[in-house]
Amino acid sequence: MALFEEKLDEDQNKWIEWFDGASNVLGHGVGEVLVSLDNQCIPFIARLGFNCTNNMAEYETCALAVQTAIDFNVKLLKVYEDSALVIHQLRGEWETRDHKLIPYQAYIKELAGFFDEISFHHVPREENQMADAFSTLASMFQLTPHGDLPYIEFRCRGRPAHCCLVEKERDGKPWYFDIKRYVESKEYPPEASDNNKRTLRRLAAGFFMSGSILYKRNHDMLLRYVNAKEAKNMLGRSMRALLVHTLMGTPWLERS
């Protein structure tokens with residue numbers, strides 16, 4: 001597939017990537033087009049298997065697009081997208097305030113370290129039609145367990161791309177430690193910047209303490225936050241209870 005008849009001199013030594021995300025009542029889709037140095041077009045599409053907002057879908061698409069370029073060992077890359085919010089935030093021109101997007105931004109910035117040069121550019125929607133078409137196709141296509149289309153490979157991603165950025169806390173504290181401390185005593189982490197403080201206040205707004213336990217309000221339920229040791233113990237108790245009821249042939253329902 002050929003996408004351009006000619007390229008600017010400044011782009012002769014750079015790969016180019018176009019991407020777009022689509023969200024509708026049927027689901028969320030990812031579309032990206034990687035253009036090689038010899039002007040060949042390599043398209044990719046994926047369907048997101050988890051609920052997300054429109055902006056999350058755009059960031060998810062960007063993350064997967066950059067990952068694709070890394071897989072092709074690209075070192076010089078120009079990235080184009082029609083979402084002004086994503087592009088301006090990645091370029092540091094706009095502040096990222098949505099706590100759902102902050103992990104994506106951090107993850108993409110980490111991926112940028114694999115390139116000698118990478119730049120992000122905003123284009124009008126009408127100039128991003130190919131990526132838009134692929135993302136729309138992926139969002140509307142319903143996967144079946146029978147593999148009806150053997151000539152097209154669809155990959156269903158069950159979790160956000162930035163999950164691999166989550167690492168074990170070096171100091172042994174859970175990831176929500178700063179949130180819990182702020183809810184308890186309105187205390188900020190040492191050397192926290194003004195932006196970090198604003199982010200922490202936004203994150204902590206939906207949390208509350210009951211005794212020493214941290215909870216978060218989520219629609220019609222409460223989510224309890226536990227550290228790794230507590231989670232392991234709870235999982236062990238649940239598995240033992242399930243095993244006992246399975247052997248006894250009695251119904252079992254885990255309640256927390």
Side-chain angles (χ1 to χ4, degrees), residues 1-24 26-49 52 54-91 104-105 107-143 147-157 160-162:
M1 299 174 64
L3 185 61
F4 302 117
E5 294 182 359
E6 60 181 2
K7 292 188 291 186
L8 300 177
D9 292 339
E10 63 180 16
D11 295 332
Q12 289 294 331
N13 62 341
K14 297 179 182 179
W15 288 61
I16 296 177
E17 190 150 35
W18 305 74
F19 72 90
D20 196 18
S23 300
N24 52 53
L26 297 179
H28 309 278
V30 167
E32 56 180 284
V33 181
L34 185 63
V35 183
S36 67
L37 296 179
D38 59 358
N39 208 25
Q40 294 302 305
C41 172
I42 309 170
F44 297 88
I45 60 177
R47 182 178 175 85
L48 303 182
C52 61
N54 291 340
N55 289 334
M56 287 176 62
E58 296 287 355
Y59 262 102
E60 184 74 25
T61 308
C62 181
L64 297 179
V66 175
Q67 287 175 347
T68 300
I70 293 175
D71 292 339
F72 277 80
N73 200 30
V74 175
K75 293 302 180 182
L76 302 174
L77 181 67
K78 294 187 71 173
V79 181
Y80 292 93
E81 217 272 341
D82 56 45
S83 171
L85 180 137
V86 172
I87 295 301
H88 286 295
Q89 287 182 348
L90 289 176
R91 289 162 62 171
Y104 280 109
Q105 187 182 44
Y107 179 56
I108 294 172
K109 287 183 177 180
E110 181 170 298
L111 292 179
F114 287 88
F115 300 89
D116 294 335
E117 181 182 340
I118 182 173
S119 57
F120 299 91
H121 306 269
H122 177 255
V123 293
R125 186 178 181 85
E126 58 270 17
E127 296 182 17
N128 199 29
Q129 292 182 0
M130 184 175 291
D132 179 64
F134 285 134
S135 64
T136 302
L137 171 64
S139 68
M140 299 180 64
F141 194 90
Q142 297 298 306
L143 301 178
D148 297 332
L149 292 177
Y151 301 106
I152 300 179
E153 179 182 358
F154 283 88
R155 297 181 180 179
C156 185
R157 301 185 61 87
H162 63 74

Considering all heavy atoms, the nearest [X]-[Y] contact:
X: Cys62; Y: Leu90; value: SG-CD1, 3.6 Å
X: Leu77; Y: Ala69; value: CD2-CB, 3.7 Å
X: Gly31; Y: Ser135; value: N-CB, 3.5 Å
X: Met130; Y: Cys41; value: SD-SG, 3.7 Å
X: Cys52; Y: His28; value: O-CE1, 3.0 Å

Could you tell me which residues satisfy side-chain hydrogen bond (donor to acceptor under 3.5 Å, both in side chains) with [X], sequence neighbours excluded, listed by chain and number?
X: Gln129; value: none
X: His122; value: none
X: Glu32; value: Thr68

For this session: Applying side chain to side chain contact (heavy atoms under 4.5 Å, CB included), run through Asp20 and Thr61 and close with a yes or a no.
Result: CA-CA 6 Å; Asp20 196 18; Thr61 308; 5.5 Å; no
Which residues satisfy the side-chain contact (heavy atoms from CB on, under 4.5 Å) test with [X], sequence neighbours excluded?
X: Asn73; answer: Lys75
X: Ser83; answer: Glu58, Glu81, Leu85, Val86
X: Phe114; answer: Ile70, Leu111
X: Ala112; answer: Ile118

From [atom1] ([X]) to [atom2] ([Y]), nearest 0.5 Å:
X: Arg91; Y: His121; atom1: CZ; atom2: NE2; value: 7.0 Å
X: Leu37; Y: Ile16; atom1: CG; atom2: CD1; value: 9.5 Å
X: Ile87; Y: Gln89; atom1: CD1; atom2: CD; value: 10.0 Å

Exercise. By salt bridge (charged side-chain N to carboxylate O under 4.0 Å, His left out), which residues pair with Glu127, not counting sequence neighbours?
Worked result: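 Glu127: no salt bridge (charged side-chain N to carboxylate O under 4.0 Å, His left out) contacts found.
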For this session: Tell me, please, which residues at least two apart from Asp82 pass salt bridge (charged side-chain N to carboxylate O under 4.0 Å, His left out).
Result: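 With neighbours one apart ignored, the set is empty.
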Problem set entry | Donor-acceptor side-chain pairing of Gln105 and Tyr59 below 3.5 angstrom |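 The criterion, which ignores hydrogens and geometry beyond distance, is not satisfied for Tyr59 and Gln105.
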Exercise. Of Phe19, Phe120, Trp15, Trp18, which meets ring pair (Phe, Tyr, Trp, His ring centres under 6.0 Å) against Tyr80?
Worked result: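 The single option meeting the ring pair (Phe, Tyr, Trp, His ring centres under 6.0 Å) with Tyr80 is Trp18.
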For this session: Indicate the ring-plane relationship of Phe72 and Phe44, choosing parallel, tilted or perpendicular according to the 30° and 60° boundaries.
Result: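 Perpendicular: the ring planes of Phe72 and Phe44 meet at over 60°.
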